[in-house]
Amino acid sequence: VFNFNIPILAELANYSIKLYGKLGNNSTLEKEVTDIVAGDVYIIQGQSNAVARMRSGTADAFQDDFIRVFAKGTENPNGLLNSSQWFIGEGDGGSNVNGNTGQWGLKLAKSIIEYTNIPIAIFNGARGGRKILYFQAPDDYQDSLESNYGRLYHRLHTTHLKNHVRGVFWSQGESDSNGASITGYKGLFIDLRNSWMADYPNIEQIYIFQTKNGCNSQINQLMKIKEAQRQLSIENTEISIIPTAAITHHTDTCHLPFTNIYETFADR
């Protein structure tokens, strides 16, 4: 068994490693790995506006060879195992597309690359139409792919990136608007925050996109979700609110078009 420690720079460059076996005067190429990069890691999580698949307008203009994604955010355990490799980030497709970032996730990654000149890895584990309870960590998440939390954990564990997540972006809340309470939502989010901080201990900041009106939500109940999110950002220094005011819905009054809207998510 061999263990090599080969440092590389965090820069917009691909590295390659070749491993040779030597017998006498003869050398044989045993393994070659290409397109290796070093950069920053971010998680995107939540429901359909975190999935952010294409509704109207494409995000293809923001594709970049230095936006990387391991596997995909599929709900299917076998689909996850069958896609266990690195892909160039893809914004328009949903959770079942290899390398999915979501549209605003792709734009966000591209913006960070332009600002920092380093590669970005996005792990989008979002799932549409799910309550916050769906995203919690069950007892068996380290050994099972049956939970959303477990599948995201598997991707970060497999890539040895658990200790390198810089931040989490959260867009969720519409599905909790029926019967929600301020304290209930806050408690579940803190539980989720605690799980993230335990498994990904170098998270610097958690960003909550404040839930928008829409998606057939009860407005009076949705206001409780918004208030819970506001309080979370005030009471926890590692949680920040990103406003979604003055962002216009797609024609379904729930999701968002890309041009000037999901783009605005990324810009904010």
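The basis for the numbers below is simple: all heavy atoms, side chains too, and nothing from hydrogens, waters or symmetry mates.
Between the side chains of Thr58 and Asp92, a donor-acceptor pair is found at a separation under 3.5 Å. Ser175 and Gln47 share a donor-acceptor pair across their side chains, judged by distance under 3.5 Å alone. A donor-acceptor contact closer than 3.5 angstrom is absent between the side chains of Gln142 and Tyr149. With hydrogens and angles left out, the side-chain atoms of Thr74 and Asn96 include a donor and acceptor closer than 3.5 Å. Thr211 and Gln172 share no donor-acceptor pair across their side chains, judged by distance under 3.5 Å alone.
The CD1 atom of Ile241 sits 4.5 Å away from atom OG of Ser233, with the distance rounded to the nearest 0.5 Å. The structure places CD1 of Ile43 at 11.0 Å from CZ of Phe169, a figure rounded to the nearest 0.5 Å. Atom CD1 of Ile242 sits about 9.5 Å away from atom CD1 of Ile208, to the nearest 0.5 Å. Atom CD1 in Ile190 sits 12.5 Å away from atom OG1 in Thr183 (nearest 0.5 Å).
Among residues at least two apart or in separate chains, salt bridge (charged side-chain N to carboxylate O under 4.0 Å, His left out) pairs with a member in residues 233-246 are Lys186-Glu235, Arg193-Glu238.
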Side-chain donor-acceptor distances from residues 10-35 under 3.5 Å, at least two apart:
unit_1 : atom_1 : unit_2 : atom_2 : d
Glu11  : OE2    : Tyr15  : OH     : 2.5
Asn14  : OD1    : Arg68  : NH2    : 2.8

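Nearest approach of Leu80 to Arg155, heavy atoms of both residues: CD1-CG, 3.8 Å.
Classification of Asp176 and Lys224 as a salt-bridged pair fails, no side-chain N sitting under 4.0 Å from a carboxylate O.
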Phe70 and Phe123: ring-ring contact (aromatic ring centres under 6.0 Å, His included), yes or no, with the steps?
-> CA-CA 7 Å; Phe70 184 78; Phe123 287 77; 7.1 Å; no

